[in-house]
Protein chains: 2
Amino acid sequence: MSENEKYAGLKLENQLCFPLYACSKEIIRKYKPYLDEIDLTYTQYIAMMVMWERKEVNVKTLGESLYLDSGTLTPVLKKLESKGYITRKRSEQDERNLVVTITEKGEALKDKATCVPGKIGSCVNLNADEAKILYDLLYKIINSMK
Amino acid sequence: MSENEKYAGLKLENQLCFPLYACSKEIIRKYKPYLDEIDLTYTQYIAMMVMWERKEVNVKTLGESLYLDSGTLTPVLKKLESKGYITRKRSEQDERNLVVTITEKGEALKDKATCVPGKIGSCVNLNADEAKILYDLLYKIINSMK
DNA sequence: TAGCTTAAAATAGTGTACAATTTAATAGTG
DNA sequence: CACTATTAAATTGTACACTATTTTAAGCTA
């Protein structure tokens, strides 16, 4: 095997993970100006997306939805609580669980956030078919790693 | 427009960015045990990949390759220097530039790292065609955002 | 029911990321 | 040549992200 072949896998351009990592970061960077307008970071935004759908959820379930653990979520949720978008309270049935509940202010934020996905979509240069293919491939990877 | 339509874009499952973000994180997590063996974090690993290719590079160029700025790279490079894989030295032609150079120990690490891409590849459940399609779509997005 | 195990969050510690600012060096211009 | 503008890293401050550990609560069993 030549030197080139031996080390081919170690080139950035031959990696699949690197463009995933770079693409993810760059799109999140694109979100920033729009999320700044509603005073959310990207992590806070995806946490709110779950809250807008579920209204009430414990930290474990939220973490499973977002692929994040309590080490990451605890400070994020405390921040969202301090902004008045959610409340945090131990479950009465099982006090190990912390129940996160959306507030009215949190619900109201949803209307301000509706424009965000479209604005991002318009700066990602893929047509609907390509986006669907990409989406399916990403979930194929994610689901195969569970 | 119905409530459902109005808010459809705000569901995690309808976002393209979220699976990108999740997929990137989960694959990087898969790297960890293999990178632990050679005592590198993922960021240190991709920085070393550039060094293995280029031998010598300044921080700005390295940052353009990795989509990272000096704020992120400075501590990463100091760490790699402390591990003996690179040296950091101001350019004599233009002292604003910091020249990063790979050491012999850094070169030697390349051999230990050759097995990493294959091990990751085998836990990403895509065939060669799918991987190629994904790769091309990711770079299409990345390049369209420049 | 006391003791062991499991489970859910929180905490501690390390390492990115990134925006904004600062510092130092170089380039460009009247 | 002095002055201004630009450039490259480093620094500062905030916010994740993750591993490992700790704390507290609940379930389980001899």
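Remember, it's a predicted structure, so these values are computed and weren't measured experimentally. Naming: A, B, ... by sequence-line order, numbering from 1 per chain.
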Ring centroid separation A:Tyr21 to B:Tyr42 under 6.0 Å:
yes

Is B:Lys78 near enough to D:dA9 that one of its side-chain N or O atoms lies under 4.0 angstrom from OP1 or OP2?
no

C:dA10, OP1 or OP2 - any side-chain N/O from A:Arg88 closer than 4.0 Å?
yes

The residue, B:Leu77 or A:Ile28, whose nearest nucleotide of DNA chain D is more 5′ is B:Leu77

State whether A:Tyr67 places a side-chain N or O below 4.0 Å from either non-bridging phosphate oxygen (OP1 or OP2) of D:dC18.
no

Rounded to whole angstroms, how far apart are CD on B:Gln44 and P on C:dT14?
14 Å

Classify the side chain of A:Ser70 versus the base of C:dA10 as yes if they form a donor-acceptor pair under 3.5 Å and no if they do not.
yes

Strand partner of C:dG30, provided both Watson-Crick or wobble distances fall under 3.5 Å:
D:dC1

A:Thr43 near the nucleic acid: base, sugar-phosphate alone, or nothing, with a heavy-atom cut-off under 4.0 Å?
sugar-phosphate

Taking atom P of D:dA8 as reference, at what distance in whole Å does atom NZ of B:Lys60 sit?
4 Å

Tell me whether the side-chain N/O atoms of B:Gln93 come closer than 4.0 Å to OP1 or OP2 in C:dT26.
no

Counting any heavy atom closer than 4.0 Å, what does A:Leu68 reach on the DNA or RNA strands: base, sugar-phosphate only, or nothing?
sugar-phosphate

Roughly, in whole Å, what's the span from CZ in A:Arg29 to P in C:dT16?
17 Å

Rounded to whole angstrom units, what separation is found between the CZ atom of B:Arg90 and the C1' atom of C:dA24?
8 Å

Nearest-Å distance, CG (A:Asp94) to C1' (D:dG27)?
10 Å

Closest nucleotide among D:dA9, D:dC16, D:dA17 to the B:Tyr21 side chain:
D:dA17

Side-chain contact test, heavy atoms from C-beta onward, threshold under 4.5 Å: evaluate it for A:Pro117 versus B:Leu10 and give yes or no.
yes

Select one nucleotide: of C:dA19, C:dA9, D:dC16, the one nearest the side-chain heavy atoms of A:Val59.
C:dA9

Under 4.0 Å between a side-chain nitrogen and a carboxylate oxygen: does that hold for A:Glu95 and A:Arg90?
no

Walking DNA chain C from its 5' end, the first of B:Tyr42 and B:Glu92 to be reached, judged by nearest nucleotide, is B:Tyr42

Presence of salt bridge, A:Glu37 and A:Lys112, under 4.0 angstrom
no

Side-chain N or O of B:Lys25 versus OP1/OP2 of D:dC18: is the shortest distance under 4.0 Å?
yes

Please determine whether a side-chain nitrogen of the Lys or Arg among A:Lys110 and A:Glu107 lies less than 4.0 Å from a carboxylate oxygen of the Asp or Glu.
no

From the list C:dA8, C:dT16, D:dC16, which nucleotide is the closest neighbour of the side chain of A:Thr41?
D:dC16

Whole-Å distance, B:Leu80 CG to C:dT16 C1', equals 13 Å

Heavy atoms from C-beta onward define the side chain here; which of C:dT6, D:dC16, C:dA24 lies closest to that of B:Arg96?
C:dA24

With a 4.0 Å cut-off, would you call B:Asp136 and B:Lys140 a salt bridge?
no

When all nucleic acid strands are considered with a 4.0 Å heavy-atom cut-off, which category describes A:Asp69: base, sugar-phosphate, or nothing?
base

Does A:Asn97 place a side-chain N or O at less than 4.0 Å from the phosphate oxygens OP1/OP2 of C:dA9?
yes

To the nearest angstrom, how far is B:Asp39 atom CG from D:dT19 atom P?
16 Å

Against the side chain of A:Glu95, the closest entry in D:dT11, D:dA26, D:dA10 is D:dA26

When rounded to whole Å, the NZ to C1' distance for the pair B:Lys79 and C:dG13 reads 11 Å

